[in-house]
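Take a look at the structure below.
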Amino acid sequence: MTFQPVRSFALVVASIALASCQGSDETSPAPEVTPVAEVVSGATGADQAVACMAYLALKQTALEAQSPAGDVTAVRAALGGWEDQALLTMTSTEVAQYYASSVAVEDDASPAKMEATSAWCLANAPAA
């Protein structure tokens with residue numbers, strides 16, 4: 001695919017977001033779980049696609065950080081499908097900028113929200 005710069009940028013941003021979350025020993029009450037429908041399934045077009053890209057990139061980073069690393073094949077394929085969807089109505093520069101801001105907003109989402117949303121995005125990914 002010709003859109004590798006967006007994917008590479010996405011992985012860098014997701015890695016930075018994950019690194020900023022690690023090492024925190026603070027204990028805080030568990031946030032209320034947000035139903036996945038409120039996160040991405042109610043969005044449409046590029047909004048939904050970019051949100052899924054953000055959640056899937058964060059999921060990929062988490063899988064790669066496991067020991068041993070988790071399989072990211074399906075996540076990468078889904079990322080490609082969602083990126084292709086976003087690129088139907090936006091330029092690669094617009095997608096990259098929107099994606100970066102989406103990761104910045106969602107990088108502190110609860111683990112339950114992250115897991116539910118990335119699962120929804122995997123299950124509903126358009127073909128790449």
Indicate the atoms forming the closest heavy-atom contact of M90 with V95, along with that distance. CB-CG2, 3.7 Å
For A125, give me all partners under side chain to side chain contact (heavy atoms under 4.5 Å, CB included), at least two apart in sequence or on another chain. A78, W82
Mind listing the closest non-hydrogen atom pair of A69 and E64 along with its distance? CB-O, 3.8 Å
Are E94 and T89 side-chain neighbours, meaning at least one heavy-atom pair lies under 4.5 Å? no
Where do Q97 and T93 land on the side-chain contact (heavy atoms from CB on, under 4.5 Å) test, with the steps shown first? CA-CA 6 Å; Q97 290 171 342; T93 301; 3.9 Å; yes
Can you tell if the side chain of Y55 reaches within under 4.5 Å of the side chain of K113, non-hydrogen atoms only? yes
Which distance, rounded to the nearest 0.5 Å, do you find between the SG of C52 and the CG of N124? 7.5 Å
Could you pull out all residues at least two apart from V105 that satisfy side chain to side chain contact (heavy atoms under 4.5 Å, CB included)? none
Heavy-atom check, side chain of V75 versus side chain of L122, under 4.5 Å: yes
Could you go step by step and tell me if S92 and L87 meet the side-chain contact (heavy atoms from CB on, under 4.5 Å) rule? CA-CA 6 Å; S92 59; L87 289 167; 4.1 Å; yes
Nearest non-hydrogen partners of V103 and A54, listed with the distance: CG2-CB, 3.7 Å
Result of checking V72, D71, L58 against L63 for side-chain contact (heavy atoms from CB on, under 4.5 Å): V72
Straight-line distance of C121 SG to L56 CG, nearest 0.5 Å: 5.0 Å
Do side-chain atoms of S101 reach the backbone of Y98 as a donor and acceptor pair under 3.5 angstrom? yes
For M114 and D107, the nearest pair of non-hydrogen atoms, with its separation, is CE-O, 4.2 Å
Check V50 against A86 and note the closest heavy-atom contact, atom names and distance. CG2-CB, 4.0 Å
Which residues pass the salt bridge (charged side-chain N to carboxylate O under 4.0 Å, His left out) test with E115, sequence neighbours left out? K59
